Amino acid sequence: MGNNSKNILPFLEIKKIQFSFGNWVSQEFNIKMHHGDFHILKGSSGSGKSSLVRAILGLTKYQEGEIFCFGKKVNEENINEIRKNISWLPQNLEILKAPAEDSSSLGFIKNILEISNINFNLDKTEELLSELNLKKSLLKSDFSNLSLGERQRIGLVVCAIRNKKICLLDEPTSSLDVKNSEGVVKFIKEHLHTSLIISHSNLAELDNG
Amino acid sequence: MDNFIPDWTNIALGSLVLLIPIALFLRARLNLVKTLLVSFARMGVQLFLVGIYLRYLIEWDILWLNILFLIFIIIAGAHVVGTRSELKLNFILKPIAIGFFVGYLISSFFFVFAFFDGGDFLEAQYLIPISGMLIGNSLTSAVVGIRSFFKNIKNDKESRNYLIASGATLKLATMESFQSSIKDAFMPMIANISAIGLIWLPGTMTGQIIAGQDPSDAIKYQIMIVVGYFTCCVITVFISLFLARRTAFDGFGLLREDVYKM
């Protein structure tokens, strides 16, 4: 994709980004993503890929380089506007919590949508869940009892409902078996256009896209 | 026995009862007797001095001196809470002091307005005992509330970042930490209030009854005192946390780790 849109402003541009913590220095990241692109970032763990995703969202500081979102340099003034246009599937899903007043999976989904000012639609949600091989009844289960694989797919459903300009997906298949991974790849292709995906595994189908 | 006023001989005589804990400590070889004696001596001297200067402050009743006293009490209270909050003083002192100031103003205004019709709440006779009572009784809950909030937001870092990245305001993203710290701070106080009169009689009330006041009058003061310090404390904690939250996060909504004591 993307090849025909080279002259248009990229949605996301990463220029010479580098992280360092103590003695450790990450690789240098250079990425240009246009509308509709799927960009897969491979590399050994600890190479700074998750830090890159967090840096785009203004959650991690970087020592070198610049990040541009929608043509604007990410800074304190525009970070909130930029965050409103990005969906994020974090890697460490075990830390996510449903709100105290409704601790079900449904409560988790509704809370994130409310924060993003998006109306909740049950039919749409159930449809997306079934595309990822999740049962409707999962919505009633306590969010804290879900497995990582289930959380991962709920997180993807939230990304799809939020329908933002860019998706940042950190290891979207790390806790899934082969069959479900394939389902996720299909789901991303269909619903999450313009995604920056971090993955150890080969998401060959997306790569060709 | 009406309006009996004790003198220092009475106090020395009554304090002889302390010989019993001293004897028990000695027998148990606790090595605490020296500390005990120093503490009680300190208390005696401090209260003796307070008695003298409070008498003059109330007698003179000079507005700027009253306000100076109030500022002193507020800073001392904020310092006590701040040093126990496990946060850096240069960060937390100002929010707590402002919280105490507003909490005191509002509750003492109501107290004096309701009880001493037309009384000026900045008059030394009211300001000095009421400010000490309101702020003194607020200390414990204020420490618990502030400590608990900053502990919660430190532990909640990752899930908060997810909410912030999804577009939540800081207020929304820290709401649960805030709610649970308010519960930590005030549930014990509220439970305590429900037991007043049933299990224990507060010290002020005991003093008034012994001094010859009608118990049914003494309770009226007691009710207003509890209403006053509870309100003062709630206002203090809400304002301190509101102000502290604004400076505890940077422009990206990330918690500034340097507000914590290392």
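Remember, it's a predicted structure, so these values are computed and weren't measured experimentally. What you see below is based on every heavy atom in this structure, not just the backbone, and it leaves out hydrogens, waters and symmetry mates. We name chains A, B, ... by the order of the sequence lines, and we start the count at 1 in each one.
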Check: Would you call B/R160 and B/E176 a salt bridge, taking side-chain N to carboxylate O under 4.0 Å as the test?
Finding: no
Check: With a 3.5 Å cut-off and no angle check, do the side chains of A/Q152 and A/S174 form a donor-acceptor pair?
Finding: yes
Note to self: What I want to check is whether the side chains of B/N152 and B/S177 have a donor and an acceptor closer together than 3.5 Å.
What the structure shows: no
Check: Considering only heavy atoms, which portion of A/N75 lies under 4.5 Å from any heavy atom of chain B: side chain, backbone, both, or neither?
Finding: backbone
Margin query: Please identify, among A/E114, A/K97, A/E101, A/K164, the residue contributing the most non-hydrogen atom pairs under 4.5 Å to chain B.
Written below: A/K97
Checklist line | Between A/N92, A/L168, A/V158, the one whose heavy-atom pairs under 4.5 Å with chain B are most numerous | finding: A/N92
Note to self: Between B/L254 and chain A, with a heavy-atom cut-off of 4.5 Å, which part of the residue counts as in contact: side chain, backbone, both or neither?
What the structure shows: side chain
Check: Side chain, backbone, both or neither: which part of A/I79 has a heavy atom under 4.5 Å from chain B?
Finding: side chain
Next item on the list: May I ask you to check whether A/N180 and A/D177 show a side-chain donor-acceptor distance below 3.5 Å?
Entry: yes
Check: So what's closer than 4.5 Å to chain B heavy atoms on A/K61: side chain, backbone, both or neither?
Finding: side chain
Next item on the list: Please look at A/N111 and chain B and tell me whether the side chain, the backbone, both or neither of the residue comes under 4.5 angstrom of a heavy atom of that chain.
Entry: side chain
Next item on the list: May I ask you to decide if the ring planes of A/H191 and A/F187 are parallel, tilted or perpendicular, using 30° and 60° as cut-offs?
Entry: tilted
Check: Going by atom types alone, do A/Q18 and A/S26 pair a side-chain donor with an acceptor below 3.5 Å?
Finding: no
Next item on the list: Name the region of A/I95, side chain, backbone, both or neither, that has any atom closer than 4.5 Å to a heavy atom of chain B.
Entry: both
Item checked: Between B/S85 and B/R147, a side-chain donor and acceptor under 3.5 Å -> no
Notebook entry, point to check: When only pairs under 4.5 Å are counted, which of B/S159, B/S166, B/S180 shares the most heavy-atom pairs with chain A?
Noted result: B/S166
